[in-house]
Undergrad: 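Below is one structure. I have some questions about it.
Numbering of ligands and ligand atoms starts at 1, following listing order. Because the structure is predicted, anything quoted here is derived from the model rather than measured. Numbering starts at 1 and runs along the sequence shown.
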Amino acid sequence: MQHAQSSLTGRPVISATGLFTPAESITNEELVASFNAFVDRHNAAHAEAIAAGEAEPLAYSSVEFIEKASGIKARHVMSKAAILDPGTMCPRLPERGNDELSVMAEIGVAAAREALERAGRDAQDVDAVLCAASNMQRPYPAMAIEIQQALGIEGFGFDMNVACSSATFGIQTAADYIRAGNAKSVLVVSPEITSGHLNWRDRDSHFIFGDVATAVLVEDAAIAPAAHWEILGTRLKTVFSNNIRNNFGFLNRAAPESANTPDKLFVQEGRKVFKEVVPMVAQMILEEAARLGVAPESLRRMWLHQANAGMNRLIAHKVLGHEASEDESPTVLDTYGNTSSAGSIIAFHKHSDDLSAGDTGLICSFGAGYSAGTVFLRRAG
Ligand code: COA
């Protein structure tokens, strides 16, 4: 049942979160073995051109490099065999009929069901669904509306994409509906099948991403369960950059010869991203903490975007004023890889139950756009 619009403003909280983790996982060892088999095939097929100096041979990837550069040891995926097959090297998820639940909606629904269950919330009492993710399976009908229907929710849903910051932008959007009195219960669902946009043949980035789905139930404190997280404040920021880019789009069919070039997948200038995003995000966190009257060193935990262990170490150090422990800034990169907008939500989902009433924490995302979002929280109940 949709809650009636109220003239009273609401106070947004996070009631619960949910997580769907694909059963299959790829270790760095498996990934590098497959990549290097592809390199051997490629170099053998182009041996003459390479010998004549007309083509550069491809170089091997390495487990040591991946772990040292990123902190990633494994990643969950929806289609392991096809990704590891050196002749395929991308997920193969068979198309489903229009009368079947699409795969992206399916994993979103699984995460959403867990959030609803943990909050003790009946789906019929949710007012809206936002599907906030880096890639949508199709332009329309919206994934959010399919998820809404599968869960039996009245009201409305829509999709939003702010790349790695989709989930935090979704949380602020949901919080604003509640602050304005337009909704009392909003699901922010982030199904991230990032294996589909990753170029598994690109040595510089083939190790980065993994698949997952998360859900965050944002509600008015008036109806939330006793144990919840007060949203102290949310802040969003975007600054245009080409350093993380994907040119895939519906207009590509106008130039079929370029429809499959590598720029139609994830491409980044990793070094520049690292250098430019770390100071931007640290400054944003410190400014927002000051605005909210939260002393940065009093933050009990930071659930940072999970792209790179080194970036998180630097950001946490700038905010806390000392090297953050795993307890202060937990990582899920090692087993999940970079799961785009879902990363900070997975960290929050897995590493927040032990905090006590009154503890403050921060969910923070950053990524393509550039885009960054902060959600300062205080544990209640
Ligand atoms: N295996 C072995 N060596 C590799 C390799 C691989 N898979 N990929 C690159 N290298 C080599 C490079 O060729 C280079 O060699 P050189 O020094 O002889 O030229 C060296 O390793 C360093 O490469 P570089 O790309 O500069 O690595 P890096 O230390 O910058 O780490 C990233 C790469 C991508 C992990 C890192 O830049 C990063 O995480 N940046 C931020 C990414 C991010 O957050 N993106 C957001 C995505 S949403």
Undergrad: Can any side-chain N or O of His46 pair as donor or acceptor with the backbone N or O of His42 at less than 3.5 Å?
TA: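 Side chain of His46 to backbone of His42: a pair is present.
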Undergrad: Nearest heavy atom to atom 28 (P) of ligand 1: which of Gln306, Arg271, Glu269 does it belong to?
TA: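 Result: the heavy atom closest to atom 28 (P) of ligand 1 is in Arg271.
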Undergrad: Find all atoms of ligand 1 within a distance of less than 4.0 Å from any non-hydrogen atom belonging to Ile244, and give their numbers and elements.
TA: 46 (C)
Undergrad: When you measure from the side chain of Asn308 to the backbone of Ala69, do you find a donor-acceptor pair of N or O atoms at a distance under 3.5 Å?
TA: yes
Undergrad: Can you tell me which residue and heavy atom of the protein come closest to atom 25 (O) of ligand 1, and the distance to 0.1 Å?
TA: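 The protein heavy atom lying closest is Asp204 OD1, 4.7 Å.
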Undergrad: Does the protein place a non-hydrogen atom closer than 4.0 angstrom to atom 18 (O) of ligand 1?
TA: no
Undergrad: Could you check whether Thr331 and Glu326, counting side-chain N and O atoms only, form a donor-acceptor pair closer than 3.5 Å?
TA: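 Note: Glu326 and Thr331 side chains miss the donor-acceptor criterion.
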Undergrad: In this structure, does ligand 1 have an atom that sits under 4.0 Å from one of the heavy atoms of Ser62?
TA: yes
Undergrad: Among protein heavy atoms, which lies nearest atom 48 (S) of ligand 1, and at what distance?
TA: Cys164 SG, 3.1 Å
Undergrad: Ala368: heavy atom below 4.0 Å from ligand 1, yes or no?
TA: no
Undergrad: Quick one: nearest non-hydrogen protein atom to atom 39 (O) of ligand 1, plus distance?
TA: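 Closest protein heavy atom to atom 39 (O) of ligand 1: Asn308 ND2, 2.6 Å.
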Undergrad: Checking ring-ring contact (aromatic ring centres under 6.0 Å, His included) between His206 and each of Phe65, Trp200, Phe35, which is the one that passes?
TA: Phe35
Undergrad: In terms of atom number and element, which parts of ligand 1 are under 4.0 angstrom from non-hydrogen atoms of Gly270?
TA: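 Near Gly270, the atoms of ligand 1 are 37 (O), 40 (N), 41 (C).
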Undergrad: So which of His206, Arg203, Gln268 gets nearest to atom 34 (C) of ligand 1, if we judge by its closest heavy atom?
TA: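 Considering heavy atoms of His206, Arg203, Gln268, the nearest to atom 34 (C) of ligand 1 sits in Gln268.
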Undergrad: Does the ring center of Tyr140 lie less than 6.0 Å from the ring center of Phe158?
TA: no
Undergrad: Just checking, is any N or O donor in the side chain of Glu219 or Ser185 under 3.5 Å from an acceptor N or O on the other one?
TA: yes
Undergrad: What protein heavy atom is closest to atom 31 (O) of ligand 1, reported as residue, atom name and distance in Å?
TA: Ala69 CB, 3.7 Å
Undergrad: Please determine if Asp204 and Arg271 form a salt bridge, counting it only when a charged side-chain N lies under 4.0 Å from a carboxylate O.
TA: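 No, this pair does not count.
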Undergrad: Aromatic rings Phe348 and Trp229: how do their planes relate, parallel, tilted or perpendicular, breaks at 30° and 60°?
TA: perpendicular
Undergrad: Protein heavy atoms near atom 15 (O) of ligand 1, is at least one of them under 4.0 angstrom away?
TA: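 False for atom 15 (O) of ligand 1.
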Undergrad: Determine whether the side chain, the backbone, both or neither of Ser61 has a heavy atom under 4.0 Å from any heavy atom of ligand 1.
TA: both
Undergrad: Answer with side chain, backbone, both or neither: which part of Asn338 has a heavy atom less than 4.0 angstrom from an atom of ligand 1?
TA: side chain
Undergrad: Regarding Glu230 and Arg378, does a basic nitrogen lie under 4.0 Å from an acidic carboxylate oxygen?
TA: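 Between Arg378 and Glu230 there is a salt bridge, with a charged N closer than 4.0 Å to a carboxylate O.
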Undergrad: What protein heavy atom is closest to atom 8 (N) of ligand 1, reported as residue, atom name and distance in Å?
TA: Phe65 CE2, 3.3 Å
Undergrad: Enumerate the atoms of ligand 1 whose separation from the nearest heavy atom of Ala307 is less than 4.0 angstrom.
TA: 44 (O)
Undergrad: Quick one: do the Asn28 and Glu67 side chains pair a donor with an acceptor below 3.5 Å?
TA: no
